[in-house]
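Notes follow once the structure below has been shown.
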Amino acid sequence: MSCGGALSAGPGSRIVPPVRTPRVLLAALSVGAAAALAGCGADPYPGVPDEGTVHAVFVSEMNGFDPVRSSEEIRSLCVLNTYDALYEYDYLRRPYALRPCLAAAMPEVSADGLVWRIPMKRGATYVDDPCFVATGGKGREATAHDVVFDLLRLMDPTTPTEGSWVLEGKVVGLDAFTKAAGEKPPDAARAAYTAADGYPEVAGLRAVDDHTVEIRLTQPYPQLLWVLAMPYTSVYPPEAVAFYGEEFLNHAVGTGPYRVAQYRPSQRLVLERRTGYRDDRYPDEAAGAEPAGFPQVRGRPLPLNERVVATVIKEDQPSWLYFESGYADRLGIPKDSYDTVIDDKTKELRPKYRDRGVRLWREPSMEVIYDAFNMKHPVVGPGEKARAIRRAVSLATNYAWAIQHLYNDRVEDMQGPIPRGCEEYDDAYRNPWKPQPGETRAQALDRARAELAKVGLRDPKDIPELVVDVLDSATDDDHFLAWQRDCRDVGIRLKPYKTTWQGMNARVLAGEAMVYGQAWMADYPDAQNFLQLFYGPNIPSPNGSAYQNAAYDALYERWAFQPPSAERTEAFRRLQRTVVDEDCVWVVRYRRVTWYLQQPWVAGWHPQEISSKWFKYMHVDAAQRRATLAQWNAPRPTLLLVGLGAFLVLAGATVVRGSRRTRGW
Amino acid sequence: MSADGSAPPVAPSRPRAAVLAVRAFSWPLALLALVAGGLVRALAVPLHALRARGPGDEGAVGPLRRYATAAARWLSFRTDRFPPLVGRVPPDGESPGRWHEARRRMSKSPVALAAWAGIVLYLYVGIGAQAGWVAPSWESSQPDLVYARPQGLGHEHVLGTEQIGRDVASLALRGTLTALWIGTFAALLACVLGTVLGAAAGYFGGWVDALILWVFTTIESIPELLLLLSFAYVLRKNPSFSDFYADTFLATDLHVSVGLFTIVLALGLTSWTGVCRTVRAEFIRHRDRDYVVAAKALGVPTRRVLFRHILPNVFHLVLISFSLIFIGAVKSEVILTFLGLGLDAGEASWGQMINHAKLELTREPSVWWQLGAATVFMFGLVLAVNLFVDALRDALDPRLKH
Amino acid sequence: MTTYVLRRLLLALPILFGILTVTFLLFHVVGGDPALQRAGKYADAEKLARIRHQLGTDRPMLEQYGRFLVSSATFDFGTSWTEQRPVLEMMAEGAGPSLSLAAPAFLLEVVLAVSLALFCAFFRGTLVDRLTVVLAVAGMSVPGLAYILFGQKYLAHEWKLFPIYGFEPLPGGAVFLALPALIWVALAVGSEVRFYRAVMLEEMAQDYVRTAAAKGLPARRILFGHVLKNSMIQVVTRVVISIPFLILGSLLLEVFFGIPGLGNKTVEAVNRSDFPVVQAFVVVGSVLYIAFSILTDVCYALVDPRVRLR
């Protein structure tokens, strides 16, 4: 704290004799200020080599690398980039498609769709780690036995698993295993997966040999392929679990391209390129927009960088300022920085950023943001009146305004629960309870009033007040206020019930919430993942709106686990019409479109919203970055010096004048 | 220091500006100007010391000072009751006329007068807001006017609009009411609790003292923010509490929302320990004084001895604590809001406005008016109370005379 | 003195008991359900029940209370529910960053405040004095969040004087701490100046000062030799009693500047209902507070020989 000492020593020690104070004070202060300016540089990465280093920003605190717990966004990101699963998303293909990762090829599926055989790559080794006691810390090859162990651990209820739903009821003998494992005494550690205390044989899940996994299903499950690319099914050695026990969460022992060099959960993650990574190459073809520098990076061995330094920045203002100063190589535009970067008319970058060479990407997420009505709640659930209220609310909502003002165009309007990118998505489909193309807001409001009038709700006093769960945050407040205003236009009153995310979930599970907002992010790009949200047996989770309809359930069961086909598409579209056109279970809102900015020195990177496995694909030109930053970030102390000078003159003057009036003792 | 040169023109022009503003139906701005005027005065009036060159010479700032005095008197209704404090001269003659003396000294201090004027002004705004005279349409919003820039005097949106098109000036004025509610009632709760417990502990001693001492030492030992957080969290997230509250007269008659009440309760219940400690020490000091012994011997009931005889002698300390807790509460609201434990959507508070601004400052062009308005309003209130407490403390403590 | 310290330590036991009870009541009986946090996207009743069972939150309250008391008494806080790491390790990790911001900032604040207070006391009643006091009061009347937002936007980003965000261990990380420390001082120095000024004025009203002045002692000697020395007892008290709070860190500054200190971790733990972490923070914080309040009294006795501890 060189800045402080000099500053504060001034006034105290120089009181007597008072007349000489200003000059000495001035001198002391200027020395202090000079020291402060010299000492306070602005490089946020001292001590980290610049060459080949990717600078990333995480928006929330990390919490470990345990694949079975990767439902959370940031943990899934950490898992995906340090581990490998059997398959991975082809980085540049759209619509999303998979390519083999640890698997040697796509699975061989039997004609009835029940037996899957997956061959594995040879020579894919784990990162070196102390848990490999037998080899003195040298990472061994990943085998089919590891895959079986990992899937069993995923299904073991005594582990903190969050992903057991992916295989529940799908694999022969696995449910019996889960039940048996759950009856063992609770042992949070359960680290001792030695040979003696290993998992029992499960008929439907076995390693045929070291490099072939066989999975026997109880029913066809084409989504299994997607599942095998999810972070839950990442491959890791049993040794690591046995060695670290509970602490396994904080160690990444995968076959990925990096080793963890520094892990400070609330602050920073440093991943270093490791030795012995398998042969992995950048894709040769780009389906849509080419990433920057594509000709140079195509077919190059991965990873394209030496290390990744990720900084945790939870608040929007600092993370935006970070990108603007060039300390982050890539960032999704925070809501309120939109106007800074984007010209509202052209929807393109403002000249300042374009001239800098910043590149803009718009990538829609596979998700649906909606407000759900609790179909069991007397006010909004059963009956004609409730249905009219639901429809009127949906019609009264001013989607266009919210998209423009609350989301700054960072969302895209959605008509039904099936998002674009799924096989069954219907581009021509229009939600009848949203304003139609060409329909004005006034007309939509008239339609809403007509719906209410049909069931005799002409007087706003007859319409019950709706209680909406609102989360604690400034943005959620805004959304609610706007919605409240919209609904007031047709005489429907909304009342907030302020709660936390956890509190809302508890209320939904208990069936207490009346109306609540939610976003469902796809686990895999298949419409079934969305339509299950209305399936009766899925009440209360994930069917939080408690929608129950026998016809819907029957049709869903028939087609949910079938491979894509024209009939399936027709059936899924019918399901969508049932929940939207007829019952209006949700106010279907939007899906997010992330506007990514990429610095001019970045190559190879491309947004991919379904899976955040992108570290290894990013290349940075460190020399260019250094040169640019030196130009952008030269300190501008003039203003401060002027301010300081003014203060000093003032202080000096007051001291002189004040001392003249000093009284004696 | 050019302020003494520029100050005189301010004085005559200010009322005219206020009148103009009222005429233009934008008296929120007039109030703002008044507050700002109070601030300018609070900062400028000490210049008097520079300009006065001898006894009887008021210097250039003299008229200003007279104006401030007059304004303060007018605002406090009764010239002989400034500041309008309660308290009786105690019979033991320890500090005869302490309040009288303090009042005399404070009415001579321009800073105290300005601070007092500021506080009264805020009170007026608060009362007006509660009655619906000030910022009556604060809830209404204009979807087509989002983030409108401040339009200045005489326009509809003097301080611009915020993210969903509500008027920032109205929100800030309405926020005054919220701040006053929070500050006043949290401080009142803390002071009543602290005084009663402190008095009991100090006067009775013995096991009563031990018990109360234990309770407040315990509360005091828990890191304050953690305690506040947990209180607010627990009250806020407990549905049975909200249900219980919905039926009380506060909710049904005064329309105090459960969020506001929770904050008041949490702040009040965590900040009474300081008062308790002070009052207890004073009561221990006083309980064996002659006047207390005499009162007891005359058969005066204990309650009367406690609250009619001893309390007035320590009341100034309670009053100072009250002001400090008031300030703390107003400031804490921002932090509670930041942590998601603030008021409900659709209520107006400075904390919400400031918290929202963490997203707005980096916009282009920067949206500073919401943060600015809330900060200035809050600054004014906290500063006024702070300066007032200072003056009060100085005035009540004769040892600090120089 | 030993007897005194022992007695105080004994007296601390019931207080600790009270603290533990309050903590337990607040978080266990009426707090959030940690199982929901862990169940994730596909929560169902069975899964929730299992997690509650694993965490032990489905046991009878009294049993949980008993376990809680025992674990607190032995400083065995177990592992964090969200991070699966020993809680004490997390605390130790957070204390460093918190202190590396708080200690220098606090030192700066005290030195600055005492100097300004001396300055004010010397020029008491003049314009300089009043201006300083009014400025100090004005400085503390601005909401903290406003300081942070403006500081980050203008001092760090527009004028590039400081890093915007981040943390590195000292001494290399001093640049990161400069801005938060500056904001800390701006926020805190006002009340401190006021306090110390009052202390010094009180000291200067003492008879011995007048005597010294009458004897013709130079002002410097009076101020530094007597007034400052005798005010030191108050300074020391205030400093020592602040230390536990320094360790616990400053919440807003830590969150906004990405300092991985205890304030930051506390908020995170409360948000995630990570009970072992919150428990440890409250217990350790309170123990520190009690310990340092005893230490304060000892300091009294050491600084001022007139004070006797019994």
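The figures here come from the full heavy-atom set of this structure, side chains too, leaving out hydrogens, waters and symmetry mates. Throughout, protein chains are lettered first and strands after them, A, B, ... in sequence-line order, and every chain is numbered starting at 1.
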Query raised in the report: How would you list, by chain and number, every residue that makes a salt bridge (charged side-chain N to carboxylate O under 4.0 Å, His left out) with D413(A), sequence neighbours excluded?
Result: K434(A)

Query raised in the report: Given a strict heavy-atom distance threshold of 4.5 Å, which part of E315(A) is in contact with chain B: side chain, backbone, both, or neither?
Result: side chain

Query raised in the report: Rounded to the nearest 0.5 Å, how far apart are CZ of R488(A) and OG of S140(B)?
Result: 9.0 Å

Query raised in the report: Under the side chain to side chain contact (heavy atoms under 4.5 Å, CB included) criterion, do I164(B) and W401(A) qualify, and how do the steps go?
Result: CA-CA 10 Å; I164(B) 66 161; W401(A) 186 87; 3.9 Å; yes

Query raised in the report: For D316(A), is it the side chain, the backbone, both, or neither that has a heavy atom closer than 4.5 Å to a heavy atom of chain B?
Result: side chain

Query - Over 12 non-hydrogen atoms of neighbours within 6.0 angstrom of NZ in K495(A) - result: no

Requested in this report: Considering non-hydrogen atoms only, spot the tightest contact between D344(B) and K498(A) and give its length.
Outcome: OD1-CB, 3.2 Å

Query - Point-to-point distance, once rounded to the nearest 0.5 Å, from CG of D478(A) to CD of Q352(B) - result: 9.0 Å

**Report entry** Under the salt bridge (charged side-chain N to carboxylate O under 4.0 Å, His left out) test, residues paired with D390(B) that sit two or more places apart
**Finding:** R393(B), R194(C)

Query raised in the report: chain B heavy atoms under 4.5 Å from L406(A): which part of the residue, side chain, backbone, both or neither?
Result: side chain

Requested in this report: Can you see which heavy atom on H405(A) is nearest to which on P143(B), and at what distance?
Outcome: NE2-O, 3.9 Å

Requested in this report: Could you tell me the separation between the CD atom of Q163(B) and the NE2 atom of H479(A), rounded to the nearest 0.5 Å?
Outcome: 10.0 Å

Requested in this report: Considering only heavy atoms and a distance below 4.5 Å, find which of P496(A), A402(A), P334(A), A474(A) pairs most often with chain B.
Outcome: A474(A)

Report task. With side chain to side chain contact (heavy atoms under 4.5 Å, CB included) as the test, would you mind laying out the steps for D477(A) and H356(B) before giving the verdict? Result -> CA-CA 10 Å; D477(A) 279 358; H356(B) 211 282; over 6 Å; no

Report task. Could you walk me through whether V146(B) and Q404(A) pass the side chain to side chain contact (heavy atoms under 4.5 Å, CB included) test, one step at a time? Result -> CA-CA 10 Å; V146(B) 169; Q404(A) 192 192 341; over 6 Å; no

